[in-house]
Amino acid sequence: MAKASLFASLLFCVVLAYTLSEVQGRPATFLEDFKVTWSDTHIKQIQGGRAIQLILDQNSGCGFASKRQYLFGRVSMKIKLVPGDSAGTVTAFYMNSDTNTIRDELDFEFLGNRTGQPYTVQTNIYAHGKGDREQRVNLWFDPAADFHTYTILWNHRHIVFYVDEVPIRVYKNNEARGIPFPTRQPMGIYSTLWEADDWATRGGLEKIDWSKAPFLAYYKDFDIEGCAVPGPANCAANPRNWWEGGAYQALSAMELRRYRWVRINHMIYDYCTDKSRNPVTPTECLAGV
């Protein structure tokens with residue numbers, strides 16, 4: 001009886017270890033899972049590599065990317081955005097398939113502001129090469145005063161964008177109705193800090209004030225939990241991955257209340273209701289959450 005119990009315990013440990021080896025977890029430092037892709041002189045590691053500082057000045061912006069791609073999972077980072085007069089700057093955190101013709105992409109773009117004005121976060125979704133799905137929300141706090149957590153959850157059922165555990169956007173998988181959804185291409189994780197004053201703040205009316213440079217943003221707690229590619233071929237289809245569990249198939253009652261609160265009180269633009277761009281409401285906009 002004791003031998004049988006010992007064997008069962010060992011078997012459980014082996015299965016658990018194999019399952020965990022399929023799923024990439026949180027890195028200890030920035031360089032463990034990421035690399036600088038643009039202007040290494042403008043990205044500084046701090047706190048022993050557990051956090052980084054991004055710098056934008058008149059010479060350059062900067063960017064970094066994950067060393068691997070992932071197919072489904074969850075990625076989050078804590079970010080402290082550019083403080084003060086940040087008009088014309090864009091801090092971006094996104095996933096991208098790095099394919100030119102049939103691109104999949106999930107975007108957070110934080111649009112700078114004039115001092116005293118709210119920070120706007122723009123989300124966008126590209127699926128099978130089709131984008132132009134912008135939504136904009138004014139953040140209900142000062143994202144430059146402290147770190148806040150920004151998360152993308154991506155499973156077979158839906159994509160959810162979170163700000164501090166508050167869902168601000170949901171995009172459901174309705175491939176059965178002919179609506180594109182990213183299911184086949186792995187995506188890397190990227191971030192950039194750059195100048196975009198031709199469109200970023202009030203549609204380009206507010207220009208960047210270089211006398212306020214350098215513009216600084218900070219990142220820490222890089223958390224990736226997903227199926228790394230290359231990796232075990234069956235990982236992405238494994239229904240036992242925690243992000244495919246029942247709790248992640250739909251918003252909870254509390255999440256749904258928070259989602260509706262954001263949409264009612266803080267949404268300032270939605271492509272779904274922009275009749276100048278979409279005289280006929282896009283089909284995915286009628287899918288609900």
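Since this is a predicted model, take the numbers as computed values, not measurements.
When hydrophobic clusters are built by joining Ile, Leu, Val, Met, Phe, Trp and Tyr residues whose side-chain heavy atoms come closer than 4.5 Å, directly or via intermediates, Ile168 is grouped together with Tyr119. Following chains of ILVMFWY side-chain contacts shorter than 4.5 Å, one can reach Val82 starting from Ile79, so the two form part of one hydrophobic cluster. Two different hydrophobic clusters hold Leu216 and Leu193 under the rule that ILVMFWY side chains link at heavy-atom gaps under 4.5 Å. Under the 4.5 Å side-chain contact rule for hydrophobic residues, Tyr70 and Tyr126 do not share a cluster. Residues Val137 and Leu153 share a hydrophobic cluster, clusters being chains of Ile/Leu/Val/Met/Phe/Trp/Tyr side chains in contact below 4.5 Å.
Nearest heavy-atom pair across Phe147 and Lys80 is CD2-N, 3.6 Å. Across all non-hydrogen atoms, the minimal contact from Thr201 to Ala87 is OG1-CA, 3.5 Å. Nearest heavy atom pair, residue Leu71 against residue Ala236, reads CD2-CB, 3.6 Å. Closest non-hydrogen pair, Val229 versus Arg68, comes out as O-CB, 4.3 Å. The two residues Pro118 and Asn138 have their closest heavy-atom pair at CG-ND2, 3.8 Å.
Annotation: side chain of Phe222 is in contact with side chain of Phe34 (closest heavy-atom distance under 4.5 Å). In this structure, the side chains of Asn113 and Asp85 stay at 4.5 Å or more apart for every pair of heavy atoms. Using a 4.5 Å cut-off on side-chain heavy atoms (C-beta onward), Leu106 and Ile159 make contact. Gln249 places a side-chain heavy atom less than 4.5 Å from the side chain of Asn155. Under the 4.5 Å side-chain criterion, counting only non-hydrogen atoms from C-beta, Ile189 is in contact with Ile224. Considering only heavy atoms from C-beta on, Val163 comes within 4.5 Å of Leu139 through its side chain. Contact check for Arg136 versus Ile268: side-chain heavy atoms found under the 4.5 Å cut-off. With contacts defined as side-chain heavy-atom distances shorter than 4.5 Å, the pair Asn96/Arg103 qualifies.
Judged purely by distance below 3.5 Å, without hydrogens or angles, the side chains of Ser86 and Lys212 never pair a donor atom with an acceptor atom. Side-chain contact, His42 with Asn59: no donor N or O sits under 3.5 Å from an acceptor N or O.
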Test log, rule side chain to side chain donor-acceptor pair (under 3.5 Å), inputs Asp164 and His148: CA-CA 6 Å; Asp164 287 338; His148 292 266; 2.5 Å; yes
Quick one: do Glu134 and Thr123 satisfy side chain to side chain donor-acceptor pair (under 3.5 Å)? Show the steps, please. CA-CA 6 Å; Glu134 299 92 346; Thr123 59; over 6 Å; no
Go through Ile46 and Lys220 one step at a time and tell me if the side-chain contact (heavy atoms from CB on, under 4.5 Å) criterion holds. CA-CA 9 Å; Ile46 54 180; Lys220 67 178 183 178; over 6 Å; no
Does Glu105 form a salt bridge (charged side-chain N to carboxylate O under 4.0 Å, His left out) with Arg133? I'd like the steps, not just the answer. CA-CA 11 Å; Glu105 184 171 306; Arg133 297 185 174 96; over 6 Å; no
For side-chain contact (heavy atoms from CB on, under 4.5 Å), just list the numbers for Leu251 and Val170, CA-CA rounded to whole Å, side-chain angles, deciding distance to a tenth of an Å, and then say yes or no. CA-CA 9 Å; Leu251 298 184; Val170 179; 3.9 Å; yes
Test side-chain contact (heavy atoms from CB on, under 4.5 Å) applied to Asp270 and Arg263, step by step: CA-CA 10 Å; Asp270 184 0; Arg263 310 287 283 191; 3.8 Å; yes
Given Arg74 and Asp223, is the salt bridge (charged side-chain N to carboxylate O under 4.0 Å, His left out) satisfied, shown in steps? CA-CA 8 Å; Arg74 183 186 69 180; Asp223 188 5; 3.7 Å; yes
Yes or no on side-chain contact (heavy atoms from CB on, under 4.5 Å) for Arg169 and Ile125, after CA distance, side-chain angles and deciding distance? CA-CA 10 Å; Arg169 182 168 190 176; Ile125 295 169; 3.9 Å; yes
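Residues in residues 257-282 take part in these ring-ring contact (aromatic ring centres under 6.0 Å, His included) pairs, two or more places apart or across chains: Trp140-Trp261, Trp140-His266, Trp261-His266.
Remark: His156 pairs with Phe72, Glu244 by the side chain to side chain contact (heavy atoms under 4.5 Å, CB included) rule, at least two apart or across chains. Not a single side-chain hydrogen bond (donor to acceptor under 3.5 Å, both in side chains) links Asp107 to another residue, sequence neighbours left out.
A donor-acceptor contact shorter than 3.5 Å is absent between the side chain of Ser97 and the backbone of Pro186. Judged by distance alone, with hydrogens and angles left aside, the side-chain atoms of Glu195 form a donor-acceptor pair with the main-chain N or O of Asp197 at under 3.5 Å.
Arg277 CZ: more than 12 foreign heavy atoms inside a 6.0 Å radius. Atom NZ of Lys78 has 12 or fewer heavy atoms from other residues, nucleotides or ligands within 6.0 Å. With a 6.0 Å radius and a threshold of 12 heavy atoms from other residues, nucleotides or ligands, Lys44 has its NZ atom at or below the threshold. For CD1 of Ile102, the number of neighbouring non-hydrogen atoms (other residues, nucleotides, ligands) closer than 6.0 Å is 12 at most.
Taking the six-membered ring for Trp and the full ring otherwise, Tyr219 and Phe64 have centroids separated by under 6.0 Å.
Considering Phe161, Phe110, Tyr162 as possible partners of Tyr150, the one that fulfils the ring-ring contact (aromatic ring centres under 6.0 Å, His included) test is Phe110.
Going from atom CG of Asp132 over to atom CG of Asn124 covers 7.0 Å, rounded to the nearest 0.5 Å.
Ring-plane geometry between Tyr171 and Phe181 is classed as parallel, the angle between the planes falling under 30 degrees on a 0 to 90 degree scale with a further cut at 60.
With respect to Arg184 and Glu175, a salt bridge is recorded, a charged nitrogen being found less than 4.0 Å from a carboxylate O.
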